[in-house]
Amino acid sequence: MVINALICDDEKKYVDEIKMCLDDYCYDHSLTYTVDTFTDGLSAINSSNAYNIAFLDIEIGNVSGIEIAKALKDKNKNVIVFFITAYEKYIDDAMNLFALRFIKKPIDHKRLYNGIDKAVDLINEDEISFYLKDSKTIKNVKANEIMYIEIGDHKTMVFTENNSYDSSENLDFWERKLTNVCFSRPHKSFILNMEYIDTYQRNEVTLKNGKIIPIAYRKQKEFRKIFWDYLRRRK
């Protein structure tokens, strides 16, 4: 795994402080990593690189960390965002972007180090991939690209946002393999990625592509707990 990190804060001392903590973490864990550092928000927005982890000040000149996070997610929707801030008025907006953690200034190095550790676990889980066959080709599909899996009459189908794939494996196989907390099996015929849920009701969820997935009556209480636990983990 390679960590591709961005650090953006208009106070250079915080950029250097965060980079030092990231350096220490990657050295301790023998991780390969790259770091781009910025002290102005527009340069961060205009960067052509795709990052899997970002450390952002909330207010950076005329640009907000929220705007930067949105631009980063356009390049990699799974980028993990830390907001380094003393401003709590932006928390609701940041939660909509699934910020992993708020780190208040002055920076608590132990908390930041532990947060990086959690982020690396999530990146590792997201990078698991599978070779799947569509109508023409075999493609490598990352776990985080899977929206849901459905078992039909004679086969199992794996669906992403833009494609569908045949699988020779049953749902029990996929349930064992998809260990990320975002995956759940609310019905005997479906496994879904909660990252793609648009609306949730007691007996069904609607995904962002409009697909409705039922929640079995005997699993409704369990799924409610799993879903809320998942949302809390993303805060």
Side-chain angles (χ1 to χ4, degrees), residues 2-23 25-26 33-109 111-123 125-127 142 144-145 147 161-162 182 193-199 207-209 230-235:
V2 177
I3 299 294
N4 298 312
L6 175 146
I7 305 171
C8 187
D9 195 302
D10 56 3
E11 295 184 75
K12 189 174 184 300
K13 68 176 183 178
Y14 288 117
V15 172
D16 293 341
E17 195 173 349
I18 295 165
K19 184 177 183 302
M20 180 185 68
C21 191
L22 183 63
D23 288 343
Y25 182 90
C26 291
Y33 69 106
T34 64
V35 185
D36 289 342
T37 61
F38 301 95
T39 54
D40 71 284
L42 284 177
S43 294
I45 287 176
N46 292 329
S47 172
S48 60
N49 293 332
Y51 303 97
N52 52 16
I53 184 170
F55 304 86
L56 306 175
D57 189 12
I58 283 286
E59 292 190 339
I60 309 170
N62 294 326
V63 179
S64 75
I66 302 294
E67 292 175 84
I68 299 171
K70 288 177 180 177
L72 297 181
K73 283 186 172 290
D74 286 340
K75 300 181 182 75
N76 175 15
K77 68 182 180 64
N78 296 300
V79 60
I80 295 171
V81 178
F82 289 77
F83 284 110
I84 313 296
T85 184
Y87 298 97
E88 297 187 355
K89 63 182 179 180
Y90 296 100
I91 286 180
D92 287 343
D93 288 337
M95 286 301 100
N96 289 334
L97 290 167
F98 294 118
L100 178 67
R101 186 161 295 180
F102 282 87
I103 306 294
K104 288 189 176 183
K105 298 176 179 178
I107 295 172
D108 181 332
H109 286 200
R111 187 164 186 263
L112 179 58
Y113 192 97
N114 290 339
I116 295 170
D117 196 44
K118 180 179 178 182
V120 168
D121 283 345
L122 292 173
I123 292 169
E125 291 174 344
D126 283 343
E127 288 191 347
K142 288 186 177 181
N144 59 38
E145 296 176 319
M147 294 185 69
E161 284 189 280
N162 301 312
C182 66
N193 185 343
M194 292 183 284
E195 179 73 23
Y196 292 93
I197 290 178
D198 185 52
T199 60
L207 302 185
K208 293 177 181 178
N209 67 347
Y230 166 73
L231 293 180
R232 280 192 289 270
R233 283 176 61 97
R234 297 306 303 260
K235 295 183 178 182

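From a predicted model like this one, the values you see are computed outputs, not experimental measurements.
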Leu207 and Asp198: side-chain contact (heavy atoms from CB on, under 4.5 Å), yes or no, with the steps? CA-CA 5 Å; Leu207 302 185; Asp198 185 52; over 6 Å; no

When you measure from the side chain of Asn52 to the backbone N and O of Ala119, does any donor-acceptor pair fall under 3.5 Å? no

So, do Lys118 and Ile80 sit near enough that their side-chain heavy atoms are less than 4.5 Å apart? no

Just checking, any donor-acceptor pair under 3.5 angstrom between side chains of Tyr51 and Asn76? no

Lys/Arg-Asp/Glu bridge criterion (N-O < 4.0 Å) met for Asp16, Lys12: yes

With the side chain counted from C-beta on, respond yes when Arg111 and Lys104 share a heavy-atom pair under 4.5 Å apart, and no when they do not. no

Would one find more than 12 heavy atoms of other residues, nucleotides or ligands at under 6.0 Å from atom CG of Asn62? no

I'd like to know if the side chain of Asn49 pairs up with that of Asn4 as donor and acceptor (distance under 3.5 Å, no hydrogens or angles considered). no

Here the pair of heavy atoms bringing Phe83 nearest to Ala69 is CZ-CB, 4.0 Å

Please tell me if the side chains of Tyr14 and Ile7 come closer than 4.5 Å, counting only heavy atoms from C-beta onward. no

Which residue is it: Val15, Ile116, Leu6, Asp9? I am looking for the one with a side-chain contact (heavy atoms from CB on, under 4.5 Å) to Phe55. Ile116

Using side-chain contact (heavy atoms from CB on, under 4.5 Å), reason through Leu72 and Val81 one step at a time and then give a plain yes or no. CA-CA 9 Å; Leu72 297 181; Val81 178; 5.5 Å; no

Do Val120 and Tyr25 have side-chain heavy atoms sitting under 4.5 Å apart? yes

Does the side chain of Ile84 reach to within under 4.5 Å of the side chain of Ile107, using non-hydrogen atoms? yes

